[in-house]
Amino acid sequence: EEKKLTASDAAPDDSFGFSVSISGDIVIVGAYLDDDMADDSGSAYVYRFNGNTWIEEQKLTAFDGTANELFGISVSVSGDVVVVGANGSVDAGVGSGSAYVHRFNGSMWVEEQRLTGHDTGAGDSFGKTVSMNGDFVVVGAPGNDDACPGFYCNSGSAYVFSINPILSDPPCGAIDARQPSAPDGSEPAGWDSITMTFDDPPGVLNAEDFAVVISPPGAAPTITDVTVDGNTATVHFDNFIPTEAWTTITHWPTGAVTRIGYLPADVNNDKLSNANDVLYLIGVLNGVIDPAPPEYQTDTDRSGAVNANDVLRVIDLLNGAGVYAEYLDAELPA
């Protein structure tokens with residue numbers, strides 16, 4: 001026996017230890033009757049081995065925790081990702097259950113996604129069991145009634161999710177972050193829908209199969225509807241996509257992903273990214289054009305100087321080249 005773990009804020013009837021999981025030097029312990037968010041809302045504790053002993057690193061609760069959610073009734077950890085089941089949580093007004101994915105960002109564990117079954121209903125108890133390995137999460141729903149629709153026979157089911165999909169390049173190349181618009185300027189107000197292309201016809205798609213994540217973190221628009229045409233699916237939102245952030249839309253069952261966001265290519269501040277930006281930057285370098293304030297994007301390669309390399313950088317961006325991820329944490333223009 002190496003160490004006995006207890007919660008730093010232990011309280012009667014929390015049921016700390018009802019569920020446990022370990023991966024490498026990370027341990028997660030569920031306390032599904034903890035009352036931090038509300039009665040029996042639940043929690044889970046992450047411990048890390050520091051080379052000498054196990055240290056409580058963070059207490060996790062659901063961002064939208066409610067009474068009787070039972071967050072922590074099941075837990076699983078693999079690498080820098082943990083999944084916590086909450087089989088009492090309410091989805092669309094029904095107590096069908098859910099599971100929450102948290103990822104370690106280098107300093108803390110951040111809730112990344114709430115998983116629900118595409119066809120779960122009342123009493124399904126989705127999230128009562130969870131397990132993960134590598135890129136995949138399996139969530140049990142022992143109360144699901146697929147074998148007897150319309151009756152409560154608890155035939156049960158399990159749902160498989162991909163949590164580490166491969167990211168694709170932005171669909172429209174270089175996009176101005178201050179005001180997203182289509183490449184031809186036809187949508188100056190921004191996007192309230194995005195079209196995704198699948199390798200195969202996607203068949204029936206549900207809004208709950210998709211997730212929207214904002215980086216830097218912020219309030220993401222809600223997916224209201226999905227329409228399918230051949231190999232493409234158009235995801236509709238209840239609001240415009242944020243103007244100064246990367247927006248990632250993921251179809252979790254297949255792992256299909258598309259991203260739109262900030263790329264430094266709109267040097268002439270016309271809310272478009274095209275050949276005119278190249279000509280504008282050349283004019284700036286030749287002293288023919290004095291950049292109008294605010295001077296957003298002339299140093300496109302972030303070298304600290306404006307030179308011919310910035311022209312080449314814009315050309316690369318317009319051609320879809322370059323490493324997009326390097327701008328995820330960049331300071332974005334106001």
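Residues: numbered from 1 along the sequence shown.
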Once side chain to side chain contact (heavy atoms under 4.5 Å, CB included) is applied, do any residues pair with [X], and if so which ones, sequence neighbours excluded?
X: Q58; result: L60, M108, W109
X: T116; result: D91, S98, R114, E208
X: L285; result: V306, V311
X: S107; result: N105

Pair up each side-chain donor or acceptor in residues 16-30 with any protein partner under 3.5 Å, not counting sequence neighbours, and list the distances.
| from | atom 1 | to | atom 2 | distance (Å) |
| --- | --- | --- | --- | --- |
| S19 | OG | G72 | O | 2.7 |
| S21 | OG | V77 | N | 3.1 |
| S23 | OG | G79 | N | 3.2 |

Subject >> Residue list, ring pair (Phe, Tyr, Trp, His ring centres under 6.0 Å) with Y47, at least two apart or on another chain >> reply: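 Y47 satisfies ring pair (Phe, Tyr, Trp, His ring centres under 6.0 Å) with no other residue.
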
Subject >> Residues forming a ring pair (Phe, Tyr, Trp, His ring centres under 6.0 Å) with F161, sequence neighbours excluded >> reply: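 Ring pair (Phe, Tyr, Trp, His ring centres under 6.0 Å) list for F161, sorted by chain: empty.
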
Original post:
Which salt bridge (charged side-chain N to carboxylate O under 4.0 Å, His left out) pairs, counting each pair once, include a residue from residues 5-17, with sequence neighbours left out?
Top reply: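 Every salt bridge (charged side-chain N to carboxylate O under 4.0 Å, His left out) pair that includes a residue of residues 5-17, provided the two are not neighbours, is D9-K59.
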
Could you tell me which residues satisfy side chain to side chain donor-acceptor pair (under 3.5 Å) with [X], sequence neighbours excluded, listed by chain and number?
X: S155; value: none
X: T232; value: none
X: S125; value: N87

**OP:** Any pair with a residue in residues 104-157 that passes disulfide bond (SG atoms under 2.5 Å apart), sequence neighbours left out, goes on the list, sorted by first then second residue, please.
**Re:**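 Every pair satisfying disulfide bond (SG atoms under 2.5 Å apart) with a residue in residues 104-157: C148-C153.
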
